[in-house]
Amino acid sequence: LIDSDTDPHITECEAGDHPPASFTSPRAVVTDTYGNIFVSSYGTFQEEGKTGRIDIFDSDGFFISELKVPGPVQIAVDSKGILYVLERPADFMRLSRYTPTVYKPEEGEIQYTPSPTVIDETFIVSFAAIAVNPANDHLFVHNGPLLITELSAAPDNEVVTETIRADVLK
């Protein structure tokens, strides 16, 4: 996405850290309605737990910002810039919501609060995928071998449906 030799945002990092866009086990790539690019990097195990981050780039691929996230597996962004992250911070999965503190994507300014709202740690039973419906900002979570859950738009994120079994998809 960027040239680390010429991009002014690339700086020296502390030992063990990785500069922006030097991905450690990238897991997901999504774009927002402005074409900004979000890349989740799973990270590595450390004594204090799993680390990872989400790097954010403008539509031309230039680095904007990063968000430290514990073990991001899947990501989705709604029309208001709310970032949903399926995290695996330890031996469990959880779905979290990160609210932007600055969301001026057309000006290349995107920042998120470092403290997420945990939506659920219990209904995700296996490796899952998440996606946002751009028509209504509803979040869809594939949270089991036969189940897809639809959640309403933020800030409520309440369960709308729990349907779509494998036999229905035939």
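On a predicted model such as this, the values are computed, not experimentally measured, just so you know.
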Would you check if the side chain of Ser152 reaches a backbone N or O of Glu158 as a donor-acceptor pair within less than 3.5 Å?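 A pair under 3.5 Å: yes.
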
Output yes when a side-chain donor or acceptor of Asp60 lies under 3.5 Å from a complementary backbone atom of Phe62, and no otherwise.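 No, Asp60 side chain to Phe62 backbone: no donor-acceptor pair under 3.5 Å.
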
Let me check something: do Leu139 and Val159 share a hydrophobic cluster, defined by ILVMFWY side-chain heavy atoms less than 4.5 Å apart, either directly or through other members?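 Yes, Leu139 and Val159 fall within the same hydrophobic cluster.
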
Same cluster for Tyr34 and Phe38 if Ile/Leu/Val/Met/Phe/Trp/Tyr side chains link at under 4.5 Å?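 Linked, Tyr34 and Phe38 end up in one cluster.
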
Provide the closest heavy-atom pair for [X] versus [Y] in the form atom of the first, atom of the second, distance.
X: Gly108; Y: Ile64; value: O-CG2, 3.2 Å
X: Ala154; Y: Arg97; value: CB-CD, 3.7 Å
X: Ser40; Y: Pro72; value: CB-CB, 3.9 Å
X: Ile75; Y: Ile54; value: CG2-CD1, 3.6 Å

Only pairs at least two apart or in different chains count here, so list each side-chain hydrogen bond (donor to acceptor under 3.5 Å, both in side chains) that has a residue in residues 99-114.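 For residues 99-114: Asp32-Tyr103.
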
Can you list, pair by pair, the side-chain donor-acceptor contacts under 3.5 Å of residues 78-87, counting residues two or more places apart and other chains?
unit_1 : atom_1 : unit_2 : atom_2 : d
Asp78  : OD1    : Lys80  : N      : 2.8
Asp78  : OD1    : Gly81  : N      : 3.1
Asp78  : OD1    : Ile82  : N      : 2.9
Ser79  : OG     : Asp137 : OD1    : 3.3
Ser79  : OG     : Asp137 : OD2    : 2.7
Lys80  : NZ     : Asp137 : OD2    : 2.8
Tyr84  : OH     : Asn157 : ND2    : 3.2
Glu87  : OE1    : Arg94  : NE     : 2.6
Glu87  : OE1    : Arg94  : NH2    : 3.2
Glu87  : OE1    : Ser96  : OG     : 3.1
Glu87  : OE2    : Tyr98  : OH     : 2.5

Test side chain to side chain contact (heavy atoms under 4.5 Å, CB included) on Leu95 and Val141; report intermediate values, then the result. CA-CA 9 Å; Leu95 180 62; Val141 181; 3.8 Å; yes

Should Asn36 and Ile110 be marked as a side chain to side chain contact (heavy atoms under 4.5 Å, CB included) after you check the CA-CA gap, both sets of side-chain angles, and the distance that decides it? CA-CA 10 Å; Asn36 294 299; Ile110 302 175; 3.7 Å; yes

If I take atom CD from residue Gln74 and atom NE2 from residue His142, how far apart are they, to the nearest 0.5 angstrom?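 So the gap between those two atoms works out to 11.0 Å.
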
Starting at CD1 of Ile130, measure out to CD1 of Ile119 and round the result to the nearest 0.5 Å.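 Output value for this atom pair is 8.5 Å.
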
Worked verdict on His138 versus Val160 for side chain to side chain contact (heavy atoms under 4.5 Å, CB included): CA-CA 9 Å; His138 283 202; Val160 175; 4.0 Å; yes

Could you walk me through whether Arg53 and Val69 satisfy the side chain to side chain contact (heavy atoms under 4.5 Å, CB included) test, starting with their C-alpha distance in whole Å, then the side-chain angles of each, then the deciding distance to 0.1 Å, before giving a yes or no? CA-CA 5 Å; Arg53 70 166 185 245; Val69 175; 5.8 Å; no

